[in-house]
There are 2 protein chains.
Amino acid sequence: MNEVLKKYLKNKISLNEEQLEYWGSLLTLRDLNKNDFLLREGDISKHTAFVTKGCLRLYSIDLKGKEHILQFAPEEWWIGDMESFSKNTPSSYFIDAIEDSEVLLMDLPAQETLFRQIPEAVAFFQQLMQNRQVATQKRIIFSMSASAEQRYLDFIKTYPSFTQRVPQHMIASYLGITPESLSRIRKQVITKK
Amino acid sequence: MNEVLKKYLKNKISLNEEQLEYWGSLLTLRDLNKNDFLLREGDISKHTAFVTKGCLRLYSIDLKGKEHILQFAPEEWWIGDMESFSKNTPSSYFIDAIEDSEVLLMDLPAQETLFRQIPEAVAFFQQLMQNRQVATQKRIIFSMSASAEQRYLDFIKTYPSFTQRVPQHMIASYLGITPESLSRIRKQVITKK
DNA sequence: GATATGCATTGATATAGGGTAAGAAATGCA
DNA sequence: TGCATTTCTTACCCTATATCAATGCATATC
């Protein structure tokens, strides 16, 4: 069984060795090169992914061709378009790898099996979803009440590890500002110190 | 049993008469006058509310004292601070009535009982939560990619009924703009026609 | 019926962040 | 090692929206 998943699950949910193995057996490994897509707009998402190596991103592209990043997913994060996945509808999002990566994929039948065989997993995913919702709501509030500089400082404080590995223009896209603005903000922040 | 809830549930989930009655019996009615609070920042949320009459709002107040509305909830909507409710932690939100209203309250024990007695309710609330998450994510994207005018036009198209009953400055707060800006935008939109 | 209160409008001015373009720096590639 | 590509920075000007202040209505209060 994959070691990253094992460590993660042991940490998060109390299961015996057999259950852990079973969970792992339901997922399939996929290697992704940098820039490889896991999902494109218009596709129907067939998987939810657990990242064991590297880093992916979830984003949409607006009418003017501009990318808007909703989520980064490094090791031990889940990523996917829940709506497309569970309703079998075309996605409006893209997911791709921003580094060479490795993911464990769970398809819908596997999820159903998992929920049937390991009922604890239901509450587990429910909790994940709730945490996501809480974070997303906070992001709305914060984007309405704080300046770009404050949001940037909050970002590097909340996700210090991302700041190292994610290119700056993607952080800008996540924050909802242009790369130029972020560059100016960083300059200000540095000279302020 | 409350008629609004009955109609709503019949529409959304297939249950027999007995189950409907049972569900209804777990909720308690509360009348709210306009401006009454259901939840204040710092409180621990003891209920999730189903609105049967009137309209409530969920919002936070930032450091500068500015309100940011996350959700309006007219008849047949659920409203609450899930995080505070399920984790028993102090809320960072306010919920109040913007009209004289009537809600059905579900506390945590009632929810647990409901989930035990009517297993279909679990998936039902999960679906609600997922829809909420999808909508919240779209709101982030939209606030990053569209102008205030586009967001306003989208709002009145998506929630035409709200536009009638919700004061303008609250719509502005939901859209993340000032009441003055909204007033100017409306003027523009009208003269454009 | 007079007055206070809250909400929407309007005008004048300020500002954060965007758009564009160019160059510098870093990174990948051959 | 050197060229190409991508990423980041800087400068200039511009626009959308905010801020502040005043005014007009409508509604509630006494």
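The chains referred to below are lettered A, B, ... by the order of the sequence lines, with proteins before strands, and numbering in each begins at 1. Just so it is clear, the structure is predicted and the values come from calculations on it, not from any experiment.
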* **Smallest separation among heavy atoms of B:Leu105 and B:Ala49, with atom names** => CD2-CB, 3.7 Å

* Establish, with yes or no, whether the OP1 or OP2 oxygen of C:dT10 is under 4.0 angstrom from a side-chain nitrogen or oxygen of B:Lys187. => yes

* **Members of residues 174-182 of chain A that approach DNA chain C, where some heavy atom sits under 4.0 Å away** => A:Gly176, A:Ile177, A:Thr178, A:Glu180, A:Ser181

* **Spacing between A:Asn35 atom CG and D:dT6 atom P, to the nearest angstrom** => 10 Å

* Asked: Using rotation axes that map the C1' atoms of four end pairs onto the next four (five pairs an end), what angle separates the end axes of the helix from C:dG1-D:dC30 to C:dA30-D:dT1, to 10°?
  -> 50°

* Pair A:Ser92, A:Glu41: side-chain N/O donor-acceptor within cut-off below 3.5 Å -> no

* Which heavy atom of A:Cys55 sits nearest a heavy atom of A:Ser101, and at what distance? -> N-OG, 3.1 Å

* Structure fact -> Scoring nucleotides 24-30 of chain C by protein non-hydrogen atoms under 4.0 Å (B base, S sugar-phosphate only, - none) yields -------

* Not counting sequence neighbours, which residues clear ring-ring contact (aromatic ring centres under 6.0 Å, His included) with A:Tyr93? List them please. => none

* From the options C:dA8, D:dA11, D:dC8, select the nucleotide whose nearest atom is closest to the side chain of B:His169. => C:dA8

* Over-ring placement of A:Arg40 relative to A:Phe37, 6.0 Å and 45° cut-offs -> yes

* In whole angstrom, give the distance that lies between atom CZ of B:Arg186 and atom C1' of D:dT17. => 18 Å

* Asked: Which pairs count as side-chain hydrogen bond (donor to acceptor under 3.5 Å, both in side chains) when at least one residue sits in residues 169-182 of chain B, sequence neighbours excluded?
  -> B:Thr178-B:Ser181

* Asked: Which residues within residues 54-74 of chain A lie with some heavy atom under 4.0 Å of an atom in DNA chain D?
  -> none

* Structure fact -> Winner on side-chain proximity to B:Ser183, out of D:dC8, C:dT9, C:dT20, is C:dT9

* Are A:Lys53 and A:Glu99 close enough for a salt bridge, meaning some N to O gap below 4.0 Å? -> no

* Sequence neighbours excluded, which residues qualify as ring-ring contact (aromatic ring centres under 6.0 Å, His included) partners of B:Phe162? -> B:Phe72, B:Trp77, B:Tyr159

* Donor-acceptor pair (no angle test) under 3.5 Å: A:Arg184 side chain, C:dG19 base -> yes

Protein-nucleotides 26-28 of chain D N/O pairs closer than 3.5 Å?
none

* **Those residues that, when tested against B:Glu75, pass salt bridge (charged side-chain N to carboxylate O under 4.0 Å, His left out) (two or more places apart)** => B:Arg165

* Atom pair distance, as rounded to whole Å: CD1 in B:Ile185 and C1' in C:dA8 -> 14 Å

* Structure fact -> Output for pair (B:Asp154 CG, B:Lys138 NZ), nearest 0.5 Å, gives 10.5 Å

* Asked: Taking the side chain as C-beta and beyond, is there a heavy-atom pair between B:Glu21 and B:Lys6 under 4.5 Å?
  -> yes

* Asked: Roughly how many Å is it from CD in B:Gln168 to P in D:dG24, rounded to a whole number?
  -> 19 Å

* Structure fact -> note: B:Tyr152, atom OH; D:dA16, atom P; distance rounded to Å ~ 19 Å

* Structure fact -> Shortest non-hydrogen pair, B:His68 vs B:Lys66, comes out as CD2-O, 3.4 Å

* To do: Side-chain contact test, heavy atoms from C-beta onward, threshold under 4.5 Å: evaluate it for A:Pro179 versus A:Gln168 and give yes or no.
  => no

* Any chance NZ of B:Lys7 has more than 12 other-residue heavy atoms, nucleotides or ligands included, within less than 6.0 Å? -> no

* Asked: Does any residue of residues 136-150 of chain B have a heavy atom under 4.0 Å from DNA chain D, and if so, which ones, in number order?
  -> B:Ser147, B:Ala148

* To do: Ignoring hydrogens and angles, state whether a donor on the side chain of A:Asp43 or A:Ser91 is under 3.5 Å from an acceptor on the partner side chain.
  => no

* Asked: Should side-chain heavy atoms under 4.5 Å link Ile, Leu, Val, Met, Phe, Trp and Tyr, which residues sit in the same cluster as B:Leu9?
  -> B:Met1, B:Val4, B:Leu5, B:Tyr8, B:Ile13, B:Leu15, B:Leu20, B:Tyr22, B:Trp23, B:Leu26, B:Leu27, B:Leu29, B:Phe50, B:Trp78, B:Leu104, B:Met106, B:Leu114, B:Phe115, B:Ile118, B:Val122, B:Phe124, B:Phe125, B:Leu128

* Structure fact -> Applied to residues 115-127 of chain A, the side-chain hydrogen bond (donor to acceptor under 3.5 Å, both in side chains) test, sequence neighbours excluded, yields A:Gln127-A:Asn131

* To do: Could you tell me whether the side chains of A:Gln130 and B:Ser86 share a donor-acceptor contact shorter than 3.5 Å?
  => yes

* Does a side-chain N-to-carboxylate-O contact under 4.0 Å join B:Glu67 and B:Arg57? -> yes

